[in-house]
A.B. asks: 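Submitted below is the structure of interest, expressed as structure tokens.
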Amino acid sequence: MKHRISRRAFLNGCTLLAAAAAVSSLTSCGEEEAKDSGLAQIVVGSDSYPPYIYLNNDGVPTGIDVEIATEAFRRMGYAARFETINWEQKTNLVESGAIDCIWGCFSMDGREEVYRWAGPYMVSRQVVAVDADSSIRSLSDLAGKTVAVQSTGKPEEIFLSGSDPRIPQTVEVLSIENRSVQYAMLACGYVDSIAAHETGILQYMKDNAIDFRILEEPLLVTGLGIAFAKNDTRGLDSQLTDTLAQMRTDGTLEQIVGRYLENASQYLEVDTIGA
């Protein structure tokens with residue numbers, strides 16, 4: 001029977017993992033820079049998700065989404081300021097106006113009617129990863145196994161909905177608020193598998209010298225976008241979509257993505273989504 005287990009109800013050892021994997025807040029980083037630019041500020045809500053958004057060695061937000069957002073909003077006449085948010089509260093935060101948009105490797109699939117969207121600007125594969133020596137070779141092999149997912153993320157939705165016939169009904173789903181804990185749980189053998197964006201898993205493996213094995217069949221191939229509130233009538237979503245299209249045409253997107261990922265062009269083939 002599938003069910004969602006909160007991180008508070010899971011192993012006490014996860015507290016230690018969370019502490020070890022904790023990432024410094026992005027809340028005020030970049031605020032002075034944004035103010036000093038003289039441009040109106042756009043508050044971008046996200047959480048840490050290397051290589052899309054994270055703090056560099058100087059404590060400054062960086063990553064694919066940070067660079068794209070900074071350049072895109074600059075072209076639109078705004079300065080981007082990045083704030084860490086509780087990812088589970090992202091919808092409430094954008095609807096209340098506490099943040100202007102949600103931007104951080106955010107899948108559009110299945111959420112088209114929840115927000116006003118800019119994008120898609122990149123393609124992403126949601127995948128399952130296991131220990132390198134695991135006997136799990138396909139999604140069907142997950143029967144009776146445990147999978148850790150980020151709470152409110154697309155993999156959680158896919159596993160809990162029971163709508164994908166490739167996924168056995170006997171998978172135990174552990175929903176974790178902090179995705180760094182998710183990776184650590186697999187590395188420590190607390191779960192049999194994890195599900196997340198492939199680029200995020202690859203970055204974690206690179207940063208921590210850990211060898212996970214990613215299953216060949218993806219859970220989902222989806223477009224990444226930027227979410228604005230449904231009641232936001234400023235037109236920023238359509239302006240940003242047009243600006244991102246310009247950045248694709250002039251090569252800016254490929255240059256930015258190429259600083260973080262190999263074969264950058266493959267992540268920009270948004271016209272192939274659903275083909």
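What you see is a predicted model; the values in this text were computed from it and never measured. In this chain, residues are counted from 1 in sequence order. Keep in mind that the numbers below use all heavy atoms, side chains included, and drop hydrogens, waters and symmetry copies.
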A.B. asks: Stepwise, does the side chain to side chain contact (heavy atoms under 4.5 Å, CB included) test hold for Tyr267 with Glu254?
C.D. replies: CA-CA 9 Å; Tyr267 297 100; Glu254 186 167 357; over 6 Å; no

A.B. asks: Under 4.5 Å between any side-chain heavy atoms of Tyr52 and Thr199, yes or no?
C.D. replies: yes

A.B. asks: Consider side-chain contact (heavy atoms from CB on, under 4.5 Å). Of Thr70, Ile99, Val43, Leu55, which one does Phe82 pass it with?
C.D. replies: Thr70

A.B. asks: Looking at every non-hydrogen atom in both residues, tell me the closest pair between Ser46 and Trp87 and how far apart they are.
C.D. replies: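 Scanning both residues completely, I find the closest heavy atoms to be CA-CZ3, 4.1 Å.
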
A.B. asks: Hydrophobic clusters here meaning ILVMFWY residues chained together by side-chain heavy-atom distances under 4.5 Å, can you tell me if Leu174 and Tyr204 are in one?
C.D. replies: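 Yes, Leu174 connects to Tyr204 through the hydrophobic network.
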
A.B. asks: In Å and rounded to the nearest 0.5 Å, what is the CG to CG distance from Asp47 to Asn86?
C.D. replies: 9.0 Å

A.B. asks: CG of Leu240 to CE of Met76: how many Å apart, nearest 0.5 Å?
C.D. replies: 5.0 Å

A.B. asks: Are Asn92 and Glu95 linked by a side-chain donor-acceptor pair shorter than 3.5 Å?
C.D. replies: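 No pair is found: no donor N or O on one side chain lies under 3.5 Å from an acceptor on the other.
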
A.B. asks: Would you find a donor on one side and an acceptor on the other, under 3.5 Å apart, between the side chain of Arg116 and the backbone of Asp232?
C.D. replies: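 Answer holds: yes.
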
A.B. asks: Students often mix this up, so state it plainly: with edges at 30° and 60°, are the rings of Tyr49 and His197 parallel, tilted or perpendicular?
C.D. replies: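 Ring orientation of Tyr49 relative to His197: perpendicular.
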
A.B. asks: With hydrophobic residues grouped by side-chain heavy-atom distances under 4.5 Å, do Phe106 and Ile226 end up in a single group?
C.D. replies: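 They do not share one cluster, since no chain of ILVMFWY contacts under 4.5 Å joins Phe106 to Ile226.
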
A.B. asks: Does the Arg166 side chain pair with the main chain of Glu217, one donor and one acceptor, at a distance under 3.5 Å?
C.D. replies: no

A.B. asks: Nearest 0.5 Å, please: how far is OG in Ser96 from CD in Gln89?
C.D. replies: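 So the gap between those two atoms works out to 10.0 Å.
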
A.B. asks: Determine, using the 4.5 Å side-chain heavy-atom cutoff (strictly less than), whether Leu236 and Leu224 are members of one ILVMFWY cluster.
C.D. replies: yes

A.B. asks: OH of Tyr183 to CG of Asn178: how many Å apart, nearest 0.5 Å?
C.D. replies: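 Atom-to-atom, Tyr183:OH and Asn178:CG are 10.5 Å apart.
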
A.B. asks: Are more than 12 heavy atoms from other residues, nucleotides or ligands located less than 6.0 Å from atom CD of Glu112?
C.D. replies: yes

A.B. asks: Evaluate the side-chain proximity of Thr222 to Lys154: yes if any heavy-atom separation is below 4.5 Å, no if none is.
C.D. replies: no

A.B. asks: I'd like to check Val114 versus Lys230 (side-chain heavy atoms, cut-off strictly below 4.5 Å). Are they in contact?
C.D. replies: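 The answer is no, as the side chains (C-beta and beyond) never meet within the 4.5 Å cut-off.
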
A.B. asks: With rounding to the nearest 0.5 angstrom, report the OH to CD1 distance, Tyr121 to Ile68.
C.D. replies: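 Result: 6.0 Å between the selected atoms.
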
A.B. asks: Any side-chain donor-acceptor pair under 3.5 Å between Glu88 and Thr152?
C.D. replies: no

A.B. asks: Would Ile85 end up clustered with Ile42 when hydrophobic side chains under 4.5 Å apart are linked, directly or stepwise?
C.D. replies: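 In one cluster: no.
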
A.B. asks: Testing the basics here: between Val171 and Leu142, what is the closest heavy-atom pair and its distance to 0.1 Å?
C.D. replies: CG2-O, 3.5 Å

A.B. asks: State, without any angle test, whether Gln255 and Asp250 hold a side-chain donor-acceptor pair at a distance under 3.5 Å.
C.D. replies: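 Result is no, nothing qualifies.
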
A.B. asks: Measure the spacing between OG1 of Thr233 and CG of Asn231 and express it to the nearest 0.5 Å.
C.D. replies: 8.0 Å

A.B. asks: Trp117 and Gly225: which non-hydrogen atoms are nearest, and at how many Å?
C.D. replies: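 In this case the closest contact between Trp117 and Gly225 is CZ3-C, 3.5 Å.
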
A.B. asks: Would you name the heavy atoms of Asp100 and Phe228 that are closest together and state the gap between them?
C.D. replies: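 Where Asp100 meets Phe228 most closely, the heavy atoms are O-CD2, 3.3 Å.
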
A.B. asks: May I ask you to decide whether Glu83 forms a salt bridge with Arg81, counting only side-chain N to carboxylate O separations under 4.0 Å?
C.D. replies: yes

A.B. asks: Tell me whether Gln150 contacts the main-chain N or O of Ala196 through its side chain, where contact means a donor paired with an acceptor under 3.5 Å.
C.D. replies: no

A.B. asks: Could you check whether any side-chain N or O of Arg248 sits under 3.5 Å from a backbone N or O of Leu268, counting only pairs where one atom can act as donor and the other as acceptor?
C.D. replies: yes

A.B. asks: Say whether, by atom type as modelled, one donor and one acceptor occur between the side chain of Thr146 and the main chain of Glu172 under 3.5 angstrom.
C.D. replies: no

A.B. asks: Any donor and acceptor pair, going by atom type alone, linking the side chain of Ser107 with main-chain N or O of Asp109 inside 3.5 Å?
C.D. replies: no

A.B. asks: Examine distances only and state if a side-chain atom of Asp141 and a backbone atom of Ser138 form a donor-acceptor pair shorter than 3.5 Å.
C.D. replies: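 The answer is yes, because a donor-acceptor pair under 3.5 Å joins these two groups.
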
A.B. asks: According to a hydrophobic-cluster definition based on side-chain heavy atoms being under 4.5 Å apart (Ile, Leu, Val, Met, Phe, Trp, Tyr only), do Val66 and Met247 belong together?
C.D. replies: yes

A.B. asks: Are the side chains of Gln239 and Phe73 in contact, using a 4.5 Å heavy-atom criterion?
C.D. replies: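 The answer is no, as the side chains (C-beta and beyond) never meet within the 4.5 Å cut-off.
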
A.B. asks: Report yes if the side chains of Leu215 and Arg137 come closer than 4.5 Å at any heavy-atom pair, otherwise no.
C.D. replies: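 Result no, sub-4.5 Å side-chain heavy-atom pair not found.
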
A.B. asks: Could you go step by step and tell me if Val147 and Val191 meet the side chain to side chain contact (heavy atoms under 4.5 Å, CB included) rule?
C.D. replies: CA-CA 6 Å; Val147 58; Val191 295; over 6 Å; no

A.B. asks: I want to check something: taking the side chain as every heavy atom from C-beta on, are Ser151 and Glu156 in contact at a cut-off of under 4.5 Å?
C.D. replies: yes

A.B. asks: Taking it one step at a time, do Ile158 and Ile167 satisfy side chain to side chain contact (heavy atoms under 4.5 Å, CB included)?
C.D. replies: CA-CA 9 Å; Ile158 292 171; Ile167 299 174; 3.7 Å; yes

A.B. asks: Using the rule side-chain contact (heavy atoms from CB on, under 4.5 Å), only one of Met122, Gln266, Glu262 pairs with Val257; which is it?
C.D. replies: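 Among Met122, Gln266, Glu262, the one meeting side-chain contact (heavy atoms from CB on, under 4.5 Å) with Val257 is Met122.
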
A.B. asks: Go through it in stages, so that I can follow the logic: the residues are Phe159 and Leu219, the test is side chain to side chain contact (heavy atoms under 4.5 Å, CB included), and I'd like the CA-CA distance, side-chain angles, deciding distance and then a yes or no.
C.D. replies: CA-CA 9 Å; Phe159 275 98; Leu219 281 176; 3.7 Å; yes

A.B. asks: Does anything in residues 117-134 form a salt bridge (charged side-chain N to carboxylate O under 4.0 Å, His left out)? List the pairs, not counting sequence neighbours.
C.D. replies: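 Non-adjacent pairs meeting salt bridge (charged side-chain N to carboxylate O under 4.0 Å, His left out): Arg125-Glu198.
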
A.B. asks: Take the angle between the ring planes of Tyr260 and Tyr54 and call it parallel below 30°, perpendicular above 60°, tilted in between.
C.D. replies: perpendicular

A.B. asks: Only one of Asp207, Ile214, Leu261, Val127 clears side-chain contact (heavy atoms from CB on, under 4.5 Å) with Leu202; which?
C.D. replies: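 With Leu202 as partner, Asp207, Ile214, Leu261, Val127 yield a single side-chain contact (heavy atoms from CB on, under 4.5 Å), made by Ile214.
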
A.B. asks: Taking all heavy atoms of Ile273 and all of Gly223, pick out the closest pair and write down the distance.
C.D. replies: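 Heavy atoms of Ile273 and Gly223 come nearest at CD1-CA, 3.4 Å.
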
A.B. asks: Do side-chain atoms of Thr241 reach the backbone of Gly119 as a donor and acceptor pair under 3.5 angstrom?
C.D. replies: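 Yes; judged by distance alone, with no hydrogens or angles, the pair exists.
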
A.B. asks: Return yes when atom NZ of Lys206 has more than 12 non-hydrogen atoms of other residues, nucleotides or ligands closer than 6.0 Å, and no otherwise.
C.D. replies: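 Count not over threshold, so no.
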
A.B. asks: For a quick test of reading the model, state the closest non-hydrogen atom pair linking Thr170 to Gly144 and the distance between them.
C.D. replies: OG1-N, 3.0 Å

A.B. asks: Could you tell me whether a side-chain N or O of Gln182 sits under 3.5 Å from a main-chain N or O of Ala195, the two making a donor and an acceptor?
C.D. replies: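 Judged by distance alone, yes, a pair lies under 3.5 Å.
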
A.B. asks: Scan for salt bridge (charged side-chain N to carboxylate O under 4.0 Å, His left out) pairs involving residues 54-72, sequence neighbours excluded, and state none if there are none.
C.D. replies: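 Sorted pair list: Glu67-Arg259, Glu71-Arg74, Glu71-Arg75.
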
